[in-house]
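In what follows, a structure is listed as structure tokens, so that the remarks can point back to it.
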Amino acid sequence: MAQNNIQSTLMENRQFPPCESFYKTATLTPKNLDALYAKAAEDHEAFWGDLAKQEIDWIKPFTKVLDDSNAPFYKWFVDGEMNVSYNCLDKQLAENADKTAIIFEGEPGDVQHITYRELHQKVCVFANALKAQGVTKGDRVVIYMPMISEAIIAMQACARIGAIHSVVFGGFSAGALKDRIEDTQAKVMITADGGHRGGKTIPLKNTADQALSDGCETIQTVIVFKRCGNDITMQQGRDIWWHDAEQGQSTDCKAEPMRASDPLFLLYTSGSTGTPKGIQHSSAGYLLNAITTMRWVFDIQEKDVFWCTADVGWVTGHTYVTYGPLATGATMVVYEGVPTVPDAGRFWDICSRHGVTIFYTAPTAIRALMKAGDDIPRRYDLSHLRLLGSVGEPINPEAWMWYHRVIGQERCPIVDTWWQTETGAHMIAPVPAVTVTKPGSCTRALPGIDAAVVDEQGQEIETNQGGYLVIRKPWPAMIQTIWGDDQRYKDTYWPYFDGKYYLAGDSARRDEEGYFWIMGRIDDVLNVSGHRLGTMEIESALAAHPAVAEAAVVGKPHDIKGESIFAYVVLKAERPENGIDDEMTNELRAWVAKQIGAIAKPDDIRYADNLPKTRSGKIMRRLLRAIAKGEEITQDTSTLENESILLQLQGKA
Ligand code: WT7
């Protein structure tokens, strides 16, 4: 299993103990962290049960912590009732009503501060507007919005009335949006005329119109927030402006009592097949781990200004933008745009102007900003920062060191957080005042999280050997199922080990001190700029083009994106001369952007007469990966029908 990845990280032996100034004020000290581990080890259920009582305001208290009678469909706090939005907003009104909840900054530079009182009112008004449009408990609402406060308001409003939101990232195409709407059978869509990104106006409403133009029959209403004032068409009887929908709505809206395991949201993510999966999350268990990790990993405190740069289109933007910070009464920054507008100093400018103390971003952004040079961050006052975080893919030690030295000024601990859409919240991550960090390692599992690296039989593997990353006990924020497909949920996450361990889909090793080092995916899933993309999804998009007979997609290491997308294509017509056809390549790239979204565009396309397959007809992906990397071919290629294909695939013929 990925031996070369082990080799490259084995060399890393730098260690960074937590600094003393941090330690003095931290939420979790070594002593109370040890106590948490001890308690979790002694009684897993009592551990989480007590935290759930402490951290969540219940409408009706639960009497049972974990129902495992229908494993792997684990239900936490089953008979309890609560409301997530109440726990994020109403709970703060008593003491924190005038505290700033959101500092919003648009890409063009507009800034807006929203207090908890104001946010509560806005959410109530919009929740009432949703009700007036016929949305009731259990209905699905698709949200396709720019990264603005209203996206958070829309999600919170759904949570308040018990509607299940499904946010679709604004970079996804009409086709991808349509597939997700149809899978959720949503009644209402919430969008905006446009959003500001990369100095351009992203025409969200136009894309939404395309998605709805064929199919999506369940959508009755489209609510449109006016953000950019770009030209759009409003379809009579279907489309309504956000501000019109809010007309006359009251600022009172009772939070709907929800059962602990009622779905809070669906979020689609890629797997190893062609169709994305709707990951279904619970209400109480999900919220609990959003809260515990805000405290344990981010050490969130009264005066912090927290900024997670993720878009609400991804799980990071759910847990560490919409839910975790609000449920812990934090002040957070929300930024609409990209890190490079007007220049590569934008993030540092925002940190300095808004006094950001905790900053959480992805390695791909760190690498891109590192490339822009040290001079840029040095122009800004980063002295408020006290903690830095990383998520989405393994952070390479070089980027880690830069983040530590130039951004953290050797003062800020770095928390490299391993988790997934399915896990709902951080699982393996440092506790900043306690854990000695090592560049490239996400360190240890958090209290109450039983992570391990095992072999095929489920036995823990020797030190520094690669194996399957698994979670051996259920945890509160765990995935509940795949929307509408219980069987796929079982098959994907519980296929081995008698269905007792959750299979994360990553390979990992543990070092002498038990630290986890994530090595990569075990399935055909790519990680491009921290976003998960299924190779099969891109392959089926390519194969849907009328000129394409067959396609295979693999990942190739890329110094900024982590992985880039490399496609091998067999055309129906003859192979272009020397395997070069720029026009076709441009066309196919645009085609994939249209089918899925710009993030899925292949970086390289190579044409061949056919694809290398095993005797049983499986595409030899390992061979294709080696070719993409330009490596020496060591695989047995005797099954290739035609050896000259190898030269074609290598771009040598
Ligand atoms: C996959 C999950 C979790 C929010 C963002 C991505 C990879 C994530 C790390 C990390 C190494 C990481 C894994 C995981 N991953 N964080 N700190 N170190 N790898 O969510 O799209 O569900 O992807 O991202 O491969 O399985 P996602």
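Whatever order the structure lists them in is the order used to number ligands and atoms, beginning at 1.
- Here is the list of ligand 1 atoms found below 4.0 Å of a heavy atom in Thr417: 9 (C), 10 (C), 16 (N), 17 (N).
- Taking every heavy atom of Val315 and a limit of under 4.0 angstrom, the matching atoms of ligand 1 come to 4 (C).
- No N or O atom of Thr269 sits closer than 3.5 Å to an N or O atom of ligand 1.
- Asp506 OD2, 2.9 Å is the protein heavy atom nearest to atom 13 (C) of ligand 1.
- Closest non-hydrogen pair, Ser149 versus Ile102, comes out as OG-CG2, 3.9 Å.
- Counting the atoms of ligand 1 from 1 in the order shown, those under 4.0 Å from a heavy atom of Val391 are 3 (C), 4 (C), 5 (C).
- The ring of His281 has its center no closer than 6.0 angstrom to the ring center of Tyr323.
- The side-chain tip of Arg180 does not point at the ring of Tyr144 from less than 6.0 angstrom away and within 45° of straight on.
- Those atoms of ligand 1 with a heavy atom of Asn527 less than 4.0 angstrom away are 7 (C), 24 (O).
- Nearest to atom 2 (C) of ligand 1 among the protein's heavy atoms is Trp419 O, 3.7 Å.
- From the protein, the heavy atom lying nearest to atom 4 (C) of ligand 1 is Thr316 OG1, 3.2 Å.
- With ring centers used as reference points, Trp494 lies under 6.0 Å from Tyr74.
- For atom 11 (C) of ligand 1, the nearest non-hydrogen atom of the protein is Pro394 N, 3.1 Å.
- In this structure, Tyr320 has its ring center under 6.0 Å from that of Phe298.
- Short contacts between ligand 1 and Arg521, defined as distances under 4.0 Å to a heavy atom of the residue, involve ligand atoms 25 (O), 26 (O).
- Closest to atom 23 (O) of ligand 1, if we only count protein heavy atoms, is Arg532 NE, 3.5 Å.
- Side chain of Gln156 to main chain of Thr322: a donor-acceptor pair is present (N/O by atom type, distance under 3.5 Å, no hydrogens or angles).
- Residue contact check: Ile518 has heavy atoms under 4.0 Å from atoms 11 (C), 19 (N) of ligand 1.
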